[in-house]
Amino acid sequence: GFANKTKMNLFTAINSAMQTALETDPSTVIFGEDVGFGGVFRCSTGLRDQFGSDRVFNTPLSETGIAGFAIGYAAQGGTSVAEIQFADYIFPALDQLVNEMSKFRYRSGNQWNCGGVTVRTPVGAVGHGGHYHSQSPEAYLAHTPGLVVVMPRGPRAAKGLLLSSIRSKDPVIFMEPKALYRASVEDVPDDDYMIPLGKAEILRSGSDVTVVGWGGQLRILQKACDMAQSEHGISCELIDLRTILPWDVDCVVDSTEKTGKLVVSHEAPITCGFGAEVVATVQERSFLSLEAPIQRVCGYDTPFPLVFEKYYIPDELKNLEAIKKVVDYAQ
Amino acid sequence: GFCHLYDGQEAVATGINAAFEPEDDWITSYRCHCIALLRGGTIKEIVGELFGLSCGMSQAKGGSMHFYNKAGHFWGGAGIVGAQVPLGTGLAFANKYAVKPGEPMNVAIGCYGDGAANQGQIWESANMASLWKLPMIFCIENNQYGMGTSIDRHSSHSDYYKMGNHIPGIRIDGMNVLAVKKGMEFVREFASTGNGPMYVEMMTYRYHGHSMSDPGTTYRNREEIAFTRSTRDPLEFVKKTMIDAGFATAEELKETEKRIRKAVQKEVMEAKESARPSLDSLITHVYAADVETKGNQEYPDHIRMPDYAKSFWNTQ
């Protein structure tokens, strides 16, 4: 265990991780739109004052430029932490991420790599974001071999996962659930610590049904599992994937083979969301262990709405219904 | 949704509209309330959209950043910075394609900020507009700040009207509505008669922060804001000009302001009476055919909504 912990919210934990990265690796630079004064979500507060504006600096409004620039710096051996201000803005940079970043090591036969890149970006619903401040684009990026895609569920996970991401030898897209920046508060170790990438975490053990999610969705799933236990006596095993690409297949498969039932939930639209990948793999590996069709509880196939966000979100009631459905089916 | 105010920049939109024909096409960024009003919108529709009610200009689908008005040739209202410019170039191309021989073309104007001016897609559009001599106007509303970053810290050169290189450009005092109108008449004449695109830089200022989430004072000082307001305010300029020219007295202008305030208040109250949009608006208009459903499903195929009848919450 760690000796010293501080109550931190998500943006403070991320700030702490970036500060540690800047302290321990002199080649680390942090850049993006408006990060100098602290950033729109305050993740980079104080870093420019502490480390100087040659290491923490603003870029112009140029996502493609930001991504390519990050790759080039990392290819020469540096560590670049690039911020895309909202994940909704990541699409101009998609060409750099998909065609350059993910293929850099592969196409050069390992002469070079851009593992020093970490792209940080806020994702997810925030109550009033509407079409262009609420998206969760993990599925687009998970479809790209060569990238690593990570999404923490809270401050403690965020600091450890971000340090692992920054130090990873592969380029990482680090997605931060923006609704949690201030709302989620946990005890976070003051020390330098890392949480392994590619490994899921079982948040609660259970025997009746496996429930899988990532990022901000875990808060909702915890509530659904609580309700399932208290109102219906259903024992849920809840898994946080933590890393979306490459994802911890064995963890989810082992759990599903134990419980025989699976519910996957994410905010992004259901068609071709990352849940589809989980379902396809699990049924392929564990078909005979399944006692009910796997359920996906996701956003609808529409642009992210403004006024009807509450109806769109896969909340705890929809998830409870899916949990009950698989349990009833299996009986 | 996130809300971006235009106060301080009013002369730009007003002057452009005065120089334009109603059939000229206008596309802009999220800082679009004034332009929405000029281009056929009503206070009720604008406020209704902000309230998320069905009388809103876009039926409350998108909120503040997403006003659209087909009859007013107003194409919004864009959330992604710079994305409106290639779109505007396409609108200009359509205008050129559809023009009858011998007649002048309708122009298309794409308004964007100094922060957007270095987006790659704008350079791409400018090249296309110049190559094909499109009736396109690239209009930079230079309010000196790209959100929280001043122009000297986000742009390697800030003579935005020169950014078109070989595309001619003009810089206009955006706080003076008469200068904007006269300047835009010149620009419109140029672009609509087959000379190709033109760059326009409007020197302007915004009093509020980037959006309602931004106090606007962490990256600039209050003296600057107050000084601009007291020396260059666009509305004060209009009032002073009218009084000096003898078109109106100060008392008449006060009465006019009172009358306008009352009318706005009336429309706001009317908007408040409007109904919330129905849940159907969540799933309609995704595709052309999505109002049609197949079989006995209540919702179209591509929307896999839960079946409430089968829900255990439905205790009927």
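Note that these values count all heavy atoms, side chains included, but never hydrogens, waters or copies made by symmetry. A, B, ... follow the sequence lines: proteins, then strands. Residue 1 opens every chain.
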Any idea which heavy atoms bring A:Phe308 and B:Ser281 closest together, and the distance? CE1-OG, 3.0 Å

Listing, residues 177-184 of chain A side-chain donor-acceptor contacts under 3.5 Å, not counting sequence neighbours, or none:
unit_1, atom_1, unit_2, atom_2, d
A:Lys178, NZ, A:Gly124, O, 2.6
A:Lys178, NZ, A:His133, O, 2.7
A:Tyr181, OH, A:Glu176, OE1, 2.4

Please report the interatomic distance OH(A:Tyr132) to CD1(B:Ile80), rounded to the nearest 0.5 Å. 6.5 Å

Heavy atoms only, distances under 4.5 angstrom: which of B:Met65, B:His154, B:Gln119 has the most pairs with chain A? Name it, please. B:Gln119

From the list A:Ala322, A:Ser62, A:Gly130, the residue making the most non-hydrogen contacts under 4.5 Å with chain B is A:Ser62

Quick one: of A:Val297, A:Val126, A:Leu320, who has the most non-hydrogen atom pairs under 4.5 Å with chain B? A:Leu320

Using a cut-off of 6.0 Å, state whether more than 12 heavy atoms not belonging to A:Tyr140 lie near its atom OH. no

Pick whichever of A:Asp328, A:Leu317, A:Asp34 has the most heavy-atom pairs under 4.5 Å with chain B. A:Asp34

Does the side chain of B:Met147 reach to within under 4.5 Å of the side chain of A:Glu33, using non-hydrogen atoms? no

Of B:Ser156, B:Gly62, B:Gly120, B:Ser213, the largest count of non-hydrogen pairs under 4.5 angstrom with chain A goes to B:Gly62

Who wins among A:Phe37, A:Tyr89, A:Tyr311 for the most heavy-atom pairs under 4.5 Å with chain B? A:Tyr311

Is it the side chain or the backbone of A:Gln85 that comes within 4.5 Å of chain B heavy atoms, both, or neither? side chain

Part of B:His66 within contact of chain A (heavy atom distance under 4.5 Å): side chain

Rounded distance (nearest 0.5 Å) linking atom CZ of B:Arg153 with atom CZ of A:Phe57: 13.5 Å

Contacting region of B:Ser211 [heavy-atom separation from chain A under 4.5 Å]: neither

Looking at B:Arg171, I'd like to know if its CZ atom is crowded, meaning that more than 12 non-hydrogen atoms belonging to other residues, nucleotides or ligands lie closer than 6.0 Å. yes

